There are 2 protein chains.
Amino acid sequence: MEKQYTMSKNQKIIFDLIDKSSEPMKAYSILFNVQKKGIKAPLQVYRALDKLVEIGKIHKIESRNAFIACQNSSCQISKATAFSICESCENVSEISNSKLSKYLSNFADESGMKYSKYNLEFFGLCKKCKSK
Amino acid sequence: MEKQYTMSKNQKIIFDLIDKSSEPMKAYSILFNVQKKGIKAPLQVYRALDKLVEIGKIHKIESRNAFIACQNSSCQISKATAFSICESCENVSEISNSKLSKYLSNFADESGMKYSKYNLEFFGLCKKCKSK
DNA sequence: TAACAGTATGTAATAATATAACATTTATAA
DNA sequence: TTATAAATGTTATATTATTACATACTGTTA
Ligand SMILES: [Zn+2]
Ligand SMILES: [Zn+2]
Ligand SMILES: [Zn+2]
Ligand SMILES: [Zn+2]
C-alpha cells in the first residue's frame, strides 16, 4: 500500500485549474485565474507548480513555458515524459507509449552518462489541422 | 551543389561566440559579451539567435533557456535534436546517434499526428560528476 | 540603372517569465 | 510536546523575450 501525497491548499487550487483546462496553462494566466481564491502573488503560483511537477501531477511543456496535468496515472514521479505539440493550434497531449518509454529509458550511448530522466517533445500538425 | 547560407554580421558575431563557448550561453550573457562589438540591445541578440536556430547552426536547450552550437554538421536544419544534460555541472552535449534519430523520426502512434520535428533532453550525471 | 522585395539592423519601450529575501504559519512526526 | 519540515504571505527584483517603428543593406529583375 503506497502512501499517497496530499496536496496542500494552494497546490490543490492550482492543480484543479490546470486539470480542468483543455490546454496548457501559463503561470501568469494561472495567477489571474486563482486571484479570486486568494492566491495573489507569482511566487505562490510558482511554488505550487514546482511541487506539482516534482510529484508528477503536472508537467511543464518546456518549449511553451506552460503546464498540463499528467494524463498518465502511472506517471507518479515524472522522470520520463513525452508530448506531441501541434504547431498550428498549439494543442498538446501527453504520449503514453510503453515501447517508446522503454526505448528511451534504456537508452545508453558511449558518453558514459547514466540517464535518469528525459523529456521529449514532438512537433507537427494534429489530425484536425492537417485536414484544413 | 547546395547553396550555402551566408551569415550576416551580427549572426556571425553571435555564432562565433557561442561556438567558442564550452557551455550553453544565455541570451543576456551573449548580449554582455558582444557589446564591445556594437550589439547593444536584446532584440539584436534574439533576432540573430532566431535565425541561427532556424538554419540549424545553433540549438536552444529549452529546459535551460540557453544556446549551444550544433555539434553535428549534418544537422543543417534542426528538426531532430537530442541532448544530454548533467544536472550537477550543467554540462550539455548534443547526442548524435543514428539509431535514436531513426527511431524517433519514424515514431508514429495512434494519434493520427504526423510528427515533423522533435526535441529530446536527457538528464543525469556525467562521468565526471558521477565519480565524485 | 532603377525599382522592388526580402532580409537585416538600430533603438526605445515594455511584456512575460521567474526568483530572492524575509517573516510567519501549518503539518508531521519523534 | 517539542522539534523539524513543508507551506504560505508579501514585497521587491531579476531574467527572458517581444512590440513597434524607422532605417539600411542585398540581391533580383524590368
Ligand atoms: Zn505524465
Ligand atoms: Zn492542431
Ligand atoms: Zn545539431
Ligand atoms: Zn557533470
Side-chain angles (χ1 to χ4, degrees), chain A residues 1-18 21 23-68 77 90 92 119 121, chain B residues 2-18 21 23-68 77 87 90 92 119 121:
Chain A
M1 202 60 177
E2 195 157 337
K3 197 197 155 196
Q4 109 156 23
Y5 180 82
T6 307
M7 284 184 272
S8 74
K9 181 171 129 283
N10 287 2
Q11 287 158 18
K12 186 90 175 54
I13 291 169
I14 287 172
F15 173 74
D16 287 345
L17 177 67
I18 296 171
S21 170
E23 52 193 32
M25 294 196 75
K26 305 196 139 215
Y28 276 72
S29 155
I30 293 168
L31 175 58
F32 177 80
N33 278 278
V34 297
Q35 272 175 335
K36 52 195 165 233
K37 305 225 172 182
I39 295 175
K40 293 184 213 138
L43 190 49
Q44 295 175 289
V45 173
Y46 281 105
R47 283 198 284 224
L49 290 174
D50 284 352
K51 192 70 193 186
L52 291 168
V53 166
E54 185 192 324
I55 64 177
K57 298 289 290 182
I58 65 172
H59 303 301
K60 181 171 188 182
I61 309 302
E62 293 287 357
S63 65
R64 299 297 185 263
N65 297 319
F67 300 84
I68 66 170
I77 294 175
E90 291 295 326
V92 173
N119 179 55
E121 298 181 1
Chain B
E2 195 156 338
K3 198 197 156 197
Q4 108 154 24
Y5 180 82
T6 307
M7 286 184 271
S8 74
K9 181 171 127 282
N10 287 2
Q11 288 160 17
K12 186 91 176 54
I13 290 170
I14 287 173
F15 173 74
D16 286 346
L17 177 67
I18 295 172
S21 170
E23 53 192 34
M25 293 196 76
K26 306 196 137 215
Y28 277 71
S29 154
I30 292 167
L31 175 57
F32 177 80
N33 278 277
V34 296
Q35 274 177 332
K36 51 196 163 227
K37 304 222 172 180
I39 295 175
K40 291 183 216 142
L43 189 50
Q44 295 175 290
V45 172
Y46 281 105
R47 282 198 285 223
L49 289 174
D50 284 352
K51 192 70 193 186
L52 291 168
V53 166
E54 186 191 325
I55 64 176
K57 298 288 292 181
I58 64 172
H59 303 301
K60 182 171 187 181
I61 308 302
E62 293 286 356
S63 65
R64 299 298 187 261
N65 297 319
F67 300 84
I68 66 170
I77 295 174
E87 289 186 296
E90 291 295 325
V92 173
N119 179 55
E121 297 181 0

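Order of the sequence lines fixes the chain letters, A, B, ..., with proteins taken first and strands second; residue numbering starts at 1 for each chain. None of the values given here were measured: they were computed from a predicted structure.
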Between [X] and [N], is there a side-chain N or O to OP1/OP2 distance below 4.0 Å?
X       : N      : result
A/Gln44 : D/dA7  : no
B/Lys26 : C/dA18 : no
B/Lys9  : C/dT7  : no
B/Asn10 : C/dG10 : yes
B/Ser8  : C/dT9  : yes
B/Tyr46 : C/dG10 : no
A/Lys51 : D/dA5  : no
B/Tyr5  : D/dT26 : no

Fill in: Candidate nucleotides D/dT11, D/dT18, D/dC21, ranked by approach to the side chain of B/Arg47 - the nearest
D/dC21
Worksheet item: Which nucleotide, C/dA18, D/dT8, C/dT9, lies nearest any side-chain atom of B/Gln11?
Response: C/dT9
Are side-chain heavy atoms of [X] and [Y] found at a separation under 4.5 Å?
X        : Y       : value
A/Glu121 : A/Ser63 : yes
A/Asn33  : A/Met25 : yes
A/Leu52  : A/Met7  : yes
A/Ile18  : A/Leu49 : yes
A/Lys60  : A/Asn65 : yes

Worksheet item: Would you call A/Tyr28 stacked on C/dT17, i.e. ring centres under 5.5 Å apart with the planes less than 30° off parallel?
Response: yes
Using atom [atom1] of [X] as one end and atom [atom2] of [N] as the other, report the distance to the nearest whole Å.
X       : N      : atom1 : atom2 : answer
B/Ile39 : C/dA8  : CD1   : C1'   : 12 Å
B/Gln35 : C/dT11 : CD    : C1'   : 14 Å
A/Lys37 : D/dT8  : NZ    : P     : 15 Å
A/Leu43 : C/dA20 : CG    : C1'   : 9 Å
A/Ile55 : D/dA7  : CD1   : C1'   : 13 Å
B/Phe32 : D/dT15 : CZ    : P     : 13 Å
A/Arg64 : D/dT18 : CZ    : P     : 11 Å
B/Ile14 : C/dT9  : CD1   : C1'   : 12 Å

Discussion item. Between B/Asn65 and B/Pro42, which residue's closest nucleotide on DNA chain C lies nearer the 5′ terminus?
Written reply: B/Pro42
Discussion item. I want to confirm an ordering. Mapping B/Ala41 and A/Phe67 to their closest nucleotides on DNA chain C, which one lands closer to the 5' end?
Written reply: B/Ala41
Discussion item. Going by side-chain hydrogen bond (donor to acceptor under 3.5 Å, both in side chains), A/Tyr5 matches just one of A/Glu54, A/Gln11, A/Lys51. Which one?
Written reply: A/Gln11
